[in-house]
Amino acid sequence: MKNKLFCDIVAVLSVFMIITGCASNLNNVSSEDATSISAASFAQTRIGVCIYQLNDNFMSLFSRELVRYLISLGFSKENIIVYGSSNNQATQLAQVEELVNKKVDAMIVNPVNPSIVHTITDMAVESGIPLVYINREPSADEEYSWEELDLNVTYVGCDARQSGIYQGELLADLGLDKLDINKDGAIQYFMIEGAPENIDAEYRTYYSVSTLTNAGFEMDCVLDEMGNWDMATAKLITEKGLALNDIPEVILCNNDAMALGAIEAVKEVDLVPGRDVFIVGVDALPEALEEVRSGGLVGTVFNDYICQSHSAADAAIRYISGEKNEHYIGCEYVKVSAGNVDEILAETNASSESE
Ligand code: GAL
């Protein structure tokens with residue numbers, strides 16, 4: 001939790017700096033006056049948010065926390081405009097255009113397709129609106145151009161390699177004896193991937209397996225399919241896989257929603273997850289944390305939406321206040337197993353209860 005603490009301290013300090021005038025010309029007023037001036041000015045500030053798909057479980061948690069945090073800083077609810085882009089790039093471009101026409105003070109965008117973000121960047125830069133991308137990282141070339149041209153554009157996210165490595169470690173920690181249920185010396189596994197051409201999906205798929213291979217496990221892939229980050233789709237994939245193949249020893253899911261779908265499918269054929277098949281996810285959705293607690297999931301990886309949403313809001317505020325940001329702002333994943341699940345539950349509950 002050290003990283004989370006650090007992130008929170010940085011977030012609080014940076015907002016404190018803005019509030020106390022380090023970022024503006026409020027140096028001569030008392031901190032009480034500064035707080036009210038700042039809160040009053042945030043009340044008029046308008047932020048536009050575009051989320052690739054609002055019914056994505058993780059992004060809905062993320063956007064709820066973002067709105068909650070902005071409101072806690074003094075933004076008014078009516079001035080936080082949140083659009084869901086229905087996983088449609090054309091819809092998202094029209095929404096960005098609308099936000100530009102509304103002359104919002106900053107935009108926070110979770111791109112549908114990170115490979116065309118230059119269009120969104122151009123629209124924001126031409127209209128002088130600072131832009132913070134979240135969750136789906138644009139290409140290195142795109143990020144380099146923000147640096148080169150000194151644009152008010154940044155990205156906030158996590159390094160998905162870390163989440164894949166943590167998934168592999170969670171399983172490796174169980175040991176060969178436990179994982180290799182059929183005692184053939186290899187681990188038969190299903191891989192349920194997020195979405196095509198998605199860097200989180202690519203890295204989690206690759207690094208979860210390579211971590212196990214590097215730890216000496218022989219990995220035998222029986223099924224590898226796209227579950228679109230979606231519980232129902234993953235459930236269908238698992239049902240189909242179980243009907244056509246021998247029972248896998250492990251099901252690696254690129255996120256928790258899909259892990260929850262896999263758990264349902266496994267239970268339908270009277271297998272006990274955590275005993276007959278070992279499943280891992282990523283995100284730390286509340287339902288997944290309950291599964292970690294009860295042993296249905298070996299573990300998950302906290303995709304720290306609290307750090308990410310707060311850092312995105314803080315970056316937008318810094319731009320609005322005339323300050324600069326780094327062009328990449330990173331948060332850390334946290335490995336979650338039965339040993340620390342209560343700590344993560346307490347942290348995520350505390351944030352949702354403070355609404
Ligand atoms: C990932 C997250 C997934 C899904 C995806 C959308 O970081 O783990 O659950 O939300 O982002 O791009």
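Just so you know, ligand 1 is whichever comes first in the structure, and atom 1 is the first atom listed for that ligand. All of these numbers come straight from a predicted model, not from anything done at the bench.
Of the listed residues (Asp283, Asn255, Thr300, Asn198), the one carrying the non-hydrogen atom nearest atom 2 (C) of ligand 1 is Asp283.
Put simply, no part of Phe62 is less than 4.0 Å from ligand 1, judged by heavy atoms.
Salt-bridge annotation for Arg204 and Glu193: absent, with no side-chain N of the basic residue lying under 4.0 Å from a carboxylate O of the acidic one. Using a cut-off of 4.0 Å between Lys/Arg side-chain N and Asp/Glu carboxylate O, Asp200 and Arg136 are scored as not salt-bridged. Using a 4.0 Å cut-off between charged side-chain N and carboxylate O, Arg293 and Glu290 make a salt bridge.
Near Asp200, the atoms of ligand 1 lying under 4.0 angstrom from a non-hydrogen atom of the residue are 1 (C), 7 (O), 11 (O). Residue contact check: Arg136 has heavy atoms under 4.0 Å from atoms 6 (C), 12 (O) of ligand 1. Proximity to Phe58 (heavy-atom distance under 4.0 Å) selects the following atoms of ligand 1: 2 (C), 9 (O), 10 (O).
Here the closest non-hydrogen pair linking Leu285 and Asp256 is N-OD2, 3.0 Å.
Only the side chain of Arg204 comes within contact range of ligand 1, with a heavy atom under 4.0 Å; no backbone atom does. At a heavy-atom distance under 4.0 Å, only side-chain atoms of Asn135, from C-beta outward, approach ligand 1.
A donor-acceptor contact closer than 3.5 angstrom is absent between the side chains of Tyr319 and Asp105. Side-chain contact, Thr119 with Asp122: no donor N or O sits under 3.5 Å from an acceptor N or O.
Separation of the Trp146 and Tyr328 ring centroids does not fall under the 6.0 Å cut-off.
In this structure, the protein non-hydrogen atom closest to atom 5 (C) of ligand 1 is Trp229 CE2, 3.6 Å. Nearest to atom 10 (O) of ligand 1 among the protein's heavy atoms is Asp56 OD1, 2.8 Å.
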